[in-house]
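Numbers restart at 1 for each chain; the letters A, B, ... are given by sequence-line order, proteins then strands.
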Amino acid sequence: MRIGRPVENKRKAWLAFAALAVMLLVLPFATEALLGRGWVRIVDFALLYIMLALGLNIVVGYAGLLDLGYIAFFAVGAYCYALLGSPQFGLHLPFWIVLPLGALLACVFGVLLGAPTLRLRGDYLAIVTLGFGEIIRIFLNNLNAPVNITNGPQGISMIDPIRIGGFSLNSTHELLGITFPPVHLYYYLFLGVTLLVIFVSLRLEDSRIGRAWMAIREDEVAASAMGINTRNIKLLAFAMGATFGGAAGGLFAGFQGFISPESFGLTESVMVVCMVVLGGMGNIGGVVLGGALLVLLPEALRHGAGPVQQVLFGKMLVDPESLRMLMFGLALVLVMLWRPAGLWPSTQRRRELTPGAGVAHQEQESVYDASK
Amino acid sequence: MTPRSDTLLELTGIGKHFGGLAALSDVSLHIRHGEIYGLIGPNGAGKTTLFNIITGLYQLDEGAITFDGTAYSHCKPHLLAHAGIARTFQNIRLFANMTALENVMVGRHLRTRTGIWGALLRNAAARAEERAIARRARELLHYVGIERPHQTLAKHLPYGEQRRLEIARALATEPKLLALDEPVAGMNATETESLKALLQTIRASGITVLLIEHDVKLILGLCDRVAVLDYGKKIAEGLPEEVRQNPAVIAAYLGGAAE
C-alpha cells in the first residue's frame, strides 16, 4: 500500500491532466507533421467511433444489454442531418438545430426498438437487435421509391458541412497566426463532443441511475425485487445510448459530406461492440482505448503492410486489405484468451485481483467446507 | 383493535398451477403486524412458490392477497417493493460484481429520486441525496454485522456475510414485511445463532418477518406462529409448540406411508 502525501498526489494528478490536455490540443498538428494530413482525418474518425463506443457502453457495459444493431442509431442521426441539410430536399437547416434533432430522433428510435425487446435477454436480445439494425439499413436502402426520400443505395451527397454561426468548419481558418485546416477544426469539435460524452458517462456511472443499470446487468430479478422499475431503467439505457449514437451520426454526415446505407451495415455494429468488449466493458478509459485502437491499428496496417512486404520479400505476397481482417481476427482471439475482461477493465474487475479480496475468497471456500 | 388492522398480509384461497401440476391449492393464511411468521414444509411442498407469489415474481391463478389493507393479485415485484415487501433469495442473488456498499445502495433506489438531470448536474439536492444513500447503506452494513471493507465485491464476501448482505439490501428498501427464503441454508451453528439474533433485532425494530425454513429447530425457536405446507396445501397453522405436536405435521415430515 502506498500512502503518499495527498497534496503531492493532487499536484501530480493536475500535472498529468495538464499534460494530457496539451497533448490532445497539439495532436492534430503533431499527426500532420509526422504522418501527413490523411492521418488527421483518421484520428477524426477514431473520435467518431469513440463516441459511438461510449454510447454503446451505456447499453452493453452498464446495463448489460447486448445490442448488435447499435449502428442503426448512428444511421438515424446521420440521415436526419443529411436530409435536413443537403440539396436532397433543398433544406439547409442550421447545424445547432439539425444535430440535436438527429440525437432526439435516435433517442425516440432507441425507445421504439428497446420497448419490444424488454423481455429478452442475452443471445435472444442480440439476435433481435441485430434484426432491427438491418431493418433500418434496408429501409434506408429502399426508401427511394415510390417517393424518393433517402436516394436509396446512391446515398445522399453534398451534405452541408458543419457551420457554427458564421464559422464554417469546411474552410481553412487562421487564428492567432496558426493555420487551421478543416480536418483540424473537425478534430477540435469532435474532441469537445467526445469529452462531453465522457463527462456524461462518468456522471451517470456514479449515480443512482448508474447503479440501477448495473444492478440489472448483474441480476434483473433481484433488481426488480429491490424496487427498480426494470422496464423504465432499461429503456433509459437504450435511449441514452441511442442519443449518443445519433449525435455521432450527425457529426459523421457533416464531416463526410456524403452518406449511403453502406456505411451502416452489420460489420459496423459488430465493430462498435468489439471496441467496447475489447477495450473493457463498463470502463470509460477502456472503451476509449478500444475505439482508438480499432480505428487506428487497421489503418496503420493498411498503410504499413505493403511497404513492409516489399522490404522483406521484394514483392506483395498478401493483399493488405485481406491481411487487415486476418490480423483483426487474430487480435480479437488473443485478447479474449489473455485479457477476457478487456485491455483496460473496469476497476471492479481489477479489484478482484487485489490481495485483500483473495483472502476473502479463500475464507469463503473454507466456510463452504465447514457447512458441509 | 379490529382483526383487520392487526393483519399485515392476508392470503385467501391461493392456487397456482404449473401445467397440470398444482403447486399450491387453496392456501390461506394471515400474518400479523410485528410477528415472525414461519413457513415450513418438506421439499417440494410449495414454500418457495408461495413466496414468489407473495413477492410478485409469480402470478397467482386463484385467490387474493391483501397487503397492508390493499388487495392485489397481479402486481409487479418492483411495485410490491414500493408497497413495502422486501425479500431475499434462497440461492443468493446479490449483485455479484458490485461492492457490498453498492449492493445496499441499490436497495435505496426506490426511496430516492435523483434522475438523469440530477446525476448529470450533480446539484446540491443530488449530492445531499447521494450522501444520505451512502450513509444509510453504511449504517445498514454495520447493523447486519458486516465489518469487512465496504468496497469488497459482493461475490468475495464469505457465504454467511453474503446472506447478511442480502438482508441489508432488503432492509434498505424500508420494508414493512421482510420475507426471507431459507436464510440459514448452508450456515454453520454459530452463523445460524447470530442470524437468529439479527432477526430478533429486526423484529424488535418493528418490521414483520416472514421466514421460509427447512431447519425446523430454528423455526420453532424463533417464530411466533408457524404454518406448515405439504403437497401445496396448508396442513397446520398455529403456535410452534402446537404445530410440533400436530399428527399431520409429524406424518408429513416422517413420512405417513412409512409408519
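Summarising the geometry, atom CG belonging to A/Asp219 is positioned 11.5 Å from atom CE belonging to B/Met98; distances are rounded to the nearest 0.5 Å. Taking CG of B/Asn103 as the start and CE of A/Met214 as the end, the distance is 12.0 Å to the nearest 0.5 Å. Atoms CD1 and CG, from B/Ile116 and A/Leu236 in turn, are 4.0 Å apart once rounded to the nearest 0.5 Å.
For the set B/Leu120, B/Val106, B/Thr88, the count of heavy-atom pairs under 4.5 angstrom toward chain A peaks at B/Leu120.
When side chains are defined from C-beta on, B/Phe89 counts as touching A/Val221, because their heavy atoms get closer than 4.5 Å.
Sorted by first and then second residue, the side chain to side chain donor-acceptor pair (under 3.5 Å) pairs with a member in residues 229-251 of chain A read A/Glu220-A/Lys234; sequence neighbours excluded. Applying the side chain to side chain donor-acceptor pair (under 3.5 Å) rule to pairs touching residues 120-135 of chain B yields A/Arg211-B/Glu130, B/Thr114-B/Glu129, sequence neighbours excluded.
Of the atoms belonging to B/His82, it is side-chain heavy atoms, and not backbone ones, that fall under 4.5 Å from chain A. Using a 4.5 Å cut-off between heavy atoms, B/Arg113 contacts chain A through its backbone alone, with no side-chain atom that close. Interface remark: B/Ile133 contributes side-chain atoms only to the contact with chain A (heavy atom separation under 4.5 Å). Contact of A/Ile233 with chain B is made through the side chain alone, with heavy-atom distances under 4.5 Å. For B/Leu57, the part lying near chain A is the side chain, with the backbone staying farther off; criterion is any non-hydrogen pair under 4.5 Å.
Residues passing the side chain to side chain donor-acceptor pair (under 3.5 Å) test with B/Gln59, sequence neighbours excluded: B/His74.
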For this session: Please report the C-alpha distance between B/His78 and A/Ile228 in whole Å, then the side-chain angles of each, then the deciding distance to 0.1 Å, and finally whether the side-chain contact (heavy atoms from CB on, under 4.5 Å) criterion is met.
Result: CA-CA 6 Å; B/His78 72 92; A/Ile228 292 172; 5.7 Å; no
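Counting heavy-atom neighbours within 6.0 Å of B/His142 NE2, excluding the residue itself, gives a total of 12 or less.
Taking every heavy atom of both residues into account, A/Met226 and B/Phe95 meet most closely at CG-CZ, 4.4 Å.
Using a 4.5 Å cut-off between non-hydrogen atoms, the part of residues 167-177 of chain B that approaches chain A consists of B/Arg169, B/Ala170, B/Thr173.
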